[in-house]
Amino acid sequence: MTVERSAIRVGMVGYGFMGAAHSQAWRSVGPFFDLGRQPAMVALCGRDQEAVTVAAERMGWHDVETDWKQLVTRDDIDLVDICTPGGSHAEIAIAALEAGKHVFCEKPLSNTLPEAEAMVAAAAKAQERGVRSMVGFNYRRVPALALARRLVADGRLGTIRHVRAVYLQDWITDPEFPLVWRLQRDLAGSGALGDIGSHIVDLAQHVIGDRLTRVSGLTETFIRHRPLSGGASTGLSASGGEGIGEVTVDDAALFLGRFGGGAVASFEATRLATGRKNAMRLEINGSAGSLAFDLESMNELSFYDGTQPADTAGFHRILVTEPTHPYVAAWWPPGHLLGYEHSFTHEVADLLADIAADRDPTPSFADGLQVQQVLTAVERSAAGDGGWEDVGR
Ligand code: SOE
């Protein structure tokens, strides 16, 4: 493999859904973004030699490893991209940082607070040596949501009072869907709360530029036992074996929140919203206007400008495809649309630019820890009588 001297040589661990999305990003970022340092897709790591070899060829990786401990110590790797289930994020990220590798880690940062705290400590120590790290909350880099943040920051909504966020899926509605790793606490850390609730917590805070300080919530597991095997079509490895196993994570989480600046919020994350495939919606109400976003119309942002005369006021649809909109100039002329996968390309474009400029990428591991603190506070509230819990206690 011929690699430019200035290239950032990438090794990725994991090749499931997120591995495929990240591989698409590493392949596509070079031709579309002016990068000081191009990525080189050096090696893909997975436990099964045959399967990871097939995946590497398909996804565009030059070499393979079957032991992540080997990958993170390779001299020809500068950056480790972690696309494994949350239960392995901490050990891989800390080893990579200690080996002097930049780290890009998928959300949620980790499955537990102690792990997240250890990752933040390792990232801070590595940063002293110019080693950078980022956690992958990709929706921040959907152009319409980046525009929403810009409008809020520019004061177009005035004082923010309400945030209303939902993330609705339905892929485990069938009780015969097997007990895959996302339904096992030791591997996934939590269910809908950490998997998709983490997205709307990070996004709400990022778009309004404020942090949650108190939460009150509930979680529910509607289907408490599932078959141990089957579901080959899911693309997710079941725990295997015969019989029935216990679901040890939430199917749904609903919680209220208070932001430090005074806004109030409602959040709902569920994977049993029959008919909703990946419906993430965000609405923000301020003293001077409102914004509404629907992932199923991800190139659009609804904006209500409260400063307009009443007889012409109303939510209008911004088609977020102008070159002045975030990230759009790198792609197509106005009116041509972007997709879910472009948000991952935007992540790696910003990460590579930050590394080339010796800057700290965002969201940082500390940002990922704060989201984990919110999720943990929700779980504390849900484990009790749903009372208010301080974030970060
Ligand atoms: C499954 O819920 C999942 O793949 C999440 O893990 C991703 O973060 C989300 O973007 C799509 O749905």
Side-chain angles (χ1 to χ4, degrees), residues 12-25 81-89 104-111 134-146 165-174 177-185 187-204 206 219 221-223 226 231 233-238 247 249-253 267-282 293-298 338-348 363 367-368 371-372 374-375:
M12 186 169 81
V13 189
Y15 52 93
F17 175 11
M18 287 299 113
H22 284 220
S23 299
Q24 157 84 9
D81 183 2
I82 303 172
C83 291
T84 57
S88 55
H89 288 183
F104 178 22
C105 183
E106 257 300 326
K107 49 55 63 181
L109 182 67
S110 73
N111 286 352
M134 183 168 103
V135 61
F137 284 111
N138 62 298
Y139 293 116
R140 287 181 172 213
R141 292 176 159 97
V142 169
L145 290 166
V166 300
Y167 202 151
L168 314 174
Q169 296 179 342
D170 72 351
W171 54 277
I172 55 171
T173 306
D174 180 354
F177 187 95
L179 194 72
V180 295
W181 69 263
R182 288 189 190 279
L183 305 178
Q184 301 171 44
R185 178 170 293 276
L187 298 177
S190 62
L193 179 64
D195 182 26
I196 49 182
S198 60
H199 275 301
I200 50 180
V201 166
D202 174 71
L203 199 53
H206 177 69
T219 58
T221 303
F222 297 100
I223 301 172
R226 292 181 178 271
S233 63
T234 65
L236 291 161
S237 54
V247 174
V249 297
D250 56 281
D251 285 334
F267 297 90
E268 179 180 5
T270 179
R271 300 190 288 206
L272 277 88
T274 311
R276 297 297 181 195
K277 301 308 172 184
N278 195 42
M280 193 261 282
R281 300 176 197 144
L282 178 68
F293 172 82
D294 181 343
L295 186 61
E296 294 180 354
S297 303
M298 68 180 290
L338 300 182
Y340 172 74
E341 74 279 12
H342 291 86
S343 65
F344 293 90
T345 305
H346 301 159
E347 283 188 300
V348 300
D367 293 327
V371 170
Q372 202 70 37
V374 172
L375 304 181

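Atoms within a ligand are numbered from 1 in the order they appear, just like the ligands themselves.
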Using the ring-ring contact (aromatic ring centres under 6.0 Å, His included) criterion, which residues pair with His89? Sequence neighbours excluded. none
For Phe344 and Tyr340, take the angle between the two ring planes, folded into 0 to 90°, and tell me which bin it lands in: parallel under 30, tilted 30 to 60, perpendicular over 60. perpendicular
Short side-chain to backbone donor-acceptor contact, Arg226 and Leu183, under 3.5 Å: no
Can you tell which part of Phe344 has a heavy atom less than 4.0 Å from ligand 1: side chain, backbone, both or neither? neither
Under 4.0 Å from one or more heavy atoms of Tyr340, ligand 1 contributes atoms 9 (C), 10 (O), 11 (C)
Please write down residue, atom name and distance for the protein heavy atom closest to atom 4 (O) of ligand 1. Phe17 CE2, 3.1 Å
Please check whether Arg271 reaches ligand 1 - meaning an N/O of the residue sits under 3.5 Å from an N/O of the ligand, judged on distance alone. no
List ligand 1 atoms under 4.0 Å from Tyr139, heavy atoms only on the residue side. 9 (C), 10 (O)
Please state whether the rings of Tyr139 and His199 are parallel, tilted or perpendicular, taking 30° and 60° as the class boundaries. perpendicular
To the nearest 0.5 Å, tell me how far Asn278 CG sits from Tyr167 OH. 3.5 Å
Protein contact of atom 11 (C) of ligand 1 - nearest heavy atom, named by residue and atom, plus distance: Tyr167 OH, 3.5 Å
Is a side-chain N or O of Asn138 found less than 3.5 angstrom from the main chain of Ser343, in a donor-acceptor match? no
Atom 2 (O) of ligand 1: nearest protein contact (heavy atom, Å): Asp195 OD2, 2.5 Å
Can you name the atoms of ligand 1, numbered from 1 with element, that are less than 4.0 Å from a heavy atom of Ile196? 2 (O)
Examine distances only and state if a side-chain atom of Asp250 and a backbone atom of Ser190 form a donor-acceptor pair shorter than 3.5 Å. no
Shortest heavy-atom approach to atom 3 (C) of ligand 1 - which of Gln169, His199, Lys107, Lys277: Gln169
